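Computation of the quantities below employed the complete heavy-atom set of this structure, encompassing side-chain atoms and omitting hydrogens, waters and symmetry-equivalent molecules. Not measured: the values here are computed from a predicted model.
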Amino acid sequence: MKIFYAVQATGNGHISRAMELLPHLQQYGTVDIFLSGANSSLDLDAPVKYRSKGLSLYYNCTGGLDYWQMMKGYQPFRVKKEIQELPVEKYDLVLNDFEYITAASCAKKKIASIQFGHQASFQSSQTPRPGDKSTVGEWLLKNYARATHHIGLHFEKYDEFIFHPVIKQEILEAEPTNKNHITVYLPSYCEPQLEQIFHPFREFHFQIFSKDTTHLKTSGNIQFVPVNRYLFNQSLIHCTGIINGGGFETPAEAIHLGKKIISIPIRGQYEQACNATALEKLGITCLKNIDPNFSSAFYHWIQEKKSVSIDYSKTIPETLEYLFSLHEKVTAQKLQMNGH
């Protein structure tokens with residue numbers, strides 16, 4: 001089987017998931033990867049057949065999106081050309097982890113595709129949303145990477161096509177301990193802001209992962225660490241708790257390990273607001289932003305909050321079984337339509 005796997009490289013979660021799934025997908029045939037987007041901090045440790053700058057998200061230093069930077073990177077004529085030239089029609093199976101160019105190319109050429117990943121879960125009305133739903137946010141989640149079929153991933157199985165998160169092998173095999181540090185990953189804040197926020201908590205030690213850091217360095221009670229898969233895994237496995245943005249993969253790993261979490265969604269990212277709603281339903285602390293009340297919220301979390309633990313170890317076999325039975329149905333329908 002020839003498999004086309006489109007991976008969105010805006011943020012690290014899509015890349016982490018691709019690296020876990022790739023060896024399993026390769027057991028079913030040859031996999032060609034299309035990597036789109038330009039601002040993840042992790043490299044995809046696999047051969048990439050097609051590459052595009054895609055449509056990337058950029059952040060400012062105060063917890064929000066940098067819309068000006070995003071607009072500067074958008075080149076409609078390049079995108080149109082890539083949609084036309086991407087050879088999706090040459091593959092038996094097109095898997096898409098929320099990537100626009102692949103979705104548009106499949107729509108244009110009338111090729112069936114499966115959207116596979118966290119964003120696919122938002123095709124279901126059962127998936128948690130915040131009280132103040134965003135019309136634009138809803139439209140983007142449902143239409144940015146349109147597909148003929150969907151397999152969603154989320155913290156809980158809210159619908160029949162939604163499965164638990166894909167967890168990295170290193171996390172599945174880990175034995176968590178508590179080495180009395182707090183892991184911090186807030187990619188939409190810069191180092192000066194992070195120092196201001198965490199220096200005052202002198203009795204706590206923070207390991208802060210920062211895209212601005214190229215080597216380990218210490219500033220008082222803070223150790224700045226470069227964004228690196230191995231270092232991050234180790235920090236998470238042995239932390240007291242983690243403070244992170246409103247993404248999906250990192251909180252999922254923390255839940256699997258039974259770690260305390262504070263989630264602070266990036267302002268302007270509706271999907272992250274939805275994730276925060278889902279986490280709150282599980283009893284996890286979520287803050288809208290870091291404001292003057294952060295200190296009391298932090299101490300309440302560290303002293304009072306219990307951690308949440310869910311076993312996410314069965315996801316890959318369950319999702320792959322569902323994926324390939326779905327692919328068989330789609331292939332059979334196509335053959336019927338073609339009169340075979």
Side-chain angles (χ1 to χ4, degrees), residues 4-18 33-40 50-59 64-84 86 88 94-130 133-154 158-159 161-162 187-188 245-249 265-278:
F4 181 96
Y5 186 13
V7 181
Q8 168 68 260
T10 292
N12 299 327
H14 302 274
I15 288 184
S16 291
R17 180 159 53 243
I33 293 173
F34 173 45
L35 195 62
S36 172
N39 64 339
S40 86
Y50 312 100
R51 195 179 283 272
S52 165
K53 285 184 180 167
L55 306 174
S56 295
L57 299 180
Y58 294 93
Y59 308 118
L65 290 166
D66 186 338
Y67 293 103
W68 174 242
Q69 185 74 19
M70 284 154 61
M71 288 304 291
K72 279 198 303 186
Y74 179 54
Q75 297 174 338
F77 295 111
R78 172 182 55 78
V79 169
K80 191 176 178 186
K81 185 169 181 282
E82 287 176 350
I83 289 166
Q84 186 63 47
L86 201 64
V88 288
V94 177
L95 265 189
N96 186 354
D97 191 349
F98 206 57
E99 198 286 308
Y100 171 76
I101 292 165
T102 302
S105 186
C106 286
K108 189 178 176 67
K109 298 171 186 181
K110 297 186 167 48
I111 302 293
S113 68
I114 298 173
Q115 191 193 340
F116 180 100
H118 177 52
Q119 284 82 6
S121 69
F122 292 97
Q123 298 293 327
S124 170
S125 59
Q126 309 295 315
T127 299
R129 285 5 188 232
K133 263 190 176 184
S134 158
T135 309
V136 174
E138 281 290 325
W139 188 90
L140 279 170
L141 282 172
K142 288 178 176 163
N143 296 286
Y144 176 78
R146 295 182 82 161
T148 49
H149 303 83
H150 301 88
I151 300 174
L153 303 171
H154 217 309
Y158 304 109
D159 211 324
F161 68 92
I162 298 174
S188 61
F248 174 63
E249 280 73 17
I266 291 167
R267 278 199 317 279
Q269 270 223 44
Y270 176 63
E271 179 210 322
Q272 295 207 357
C274 295
N275 292 344
T277 304

Trainee: What's the verdict on side-chain contact (heavy atoms from CB on, under 4.5 Å) for F161 and I151, showing C-alpha distance, side-chain angles and the deciding distance?
Mentor: CA-CA 5 Å; F161 68 92; I151 300 174; 5.7 Å; no
Trainee: Parallel, tilted or perpendicular: which one describes the rings of F4 and F34, with boundaries at 30° and 60°?
Mentor: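 Rings of F4 and F34: tilted, 30 to 60°.
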Trainee: Taking all atoms of both residues into account, what is the closest heavy-atom pair of A112 and V94, and its distance?
Mentor: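 So the two residues come closest at O-CB, 4.0 Å.
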Trainee: When rounded to the nearest 0.5 angstrom, what distance separates CD in E271 from OH in Y144?
Mentor: 11.5 Å
Trainee: Indicate the atoms forming the closest heavy-atom contact of Y100 with V79, along with that distance.
Mentor: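 Minimum heavy-atom contact is CE2-CG1, 3.9 Å.
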Trainee: In chain order, what residues pass the ring pair (Phe, Tyr, Trp, His ring centres under 6.0 Å) check against Y5, with sequence neighbours excluded?
Mentor: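 Result, ring pair (Phe, Tyr, Trp, His ring centres under 6.0 Å) vs Y5: none returned.
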Trainee: For a quick test of reading the model, state the closest non-hydrogen atom pair linking E99 to S36 and the distance between them.
Mentor: OE2-OG, 2.9 Å
Trainee: Output yes when a side-chain donor or acceptor of K109 lies under 3.5 Å from a complementary backbone atom of L86, and no otherwise.
Mentor: yes
Trainee: So how far is it from E82 CD to S105 OG, rounded to the nearest 0.5 Å?
Mentor: 10.5 Å
Trainee: Which heavy atom in Y270 sits nearest to a heavy atom in S134, and how many Å separate them?
Mentor: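 So the minimum-distance heavy-atom pair works out to CE1-N, 3.3 Å.
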Trainee: Would you say K142 has more than 12 foreign heavy atoms packed within less than 6.0 Å of its NZ?
Mentor: yes
Trainee: Could you give the distance from CG (N96) to OG1 (T148), rounded to the nearest 0.5 Å?
Mentor: 10.5 Å
Trainee: To check you understand the geometry: which heavy-atom pair defines the closest contact between I101 and S52, and what is its length?
Mentor: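 Looking at all heavy atoms of both residues, the closest pair is CD1-OG, 3.4 Å.
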Trainee: Taking only residues two or more places apart in sequence, or in another chain, which ones meet S121 in a side chain to side chain contact (heavy atoms under 4.5 Å, CB included)?
Mentor: H118, T127, H154, I162
Trainee: How long is the gap from CG on L140 to OG1 on T135, to the nearest 0.5 Å?
Mentor: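 Result: 11.0 Å between the selected atoms.
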Trainee: Examine distances only and state if a side-chain atom of D97 and a backbone atom of V7 form a donor-acceptor pair shorter than 3.5 Å.
Mentor: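 Absent.
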Trainee: Applying side chain to side chain contact (heavy atoms under 4.5 Å, CB included), can you list everything that pairs with Q115, at least two apart in sequence or on another chain?
Mentor: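 Partners of Q115 under the side chain to side chain contact (heavy atoms under 4.5 Å, CB included) test: F98, Q119, A120, Q123, A147, H150.
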Trainee: Please report the interatomic distance CD(E138) to SG(C274), rounded to the nearest 0.5 Å.
Mentor: 6.0 Å
Trainee: Any donor and acceptor pair, going by atom type alone, linking the side chain of Q272 with main-chain N or O of P265 inside 3.5 Å?
Mentor: no
Trainee: Measuring from R129:CZ to L141:CG, what's the distance to the nearest 0.5 Å?
Mentor: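 The distance works out to 7.0 Å.
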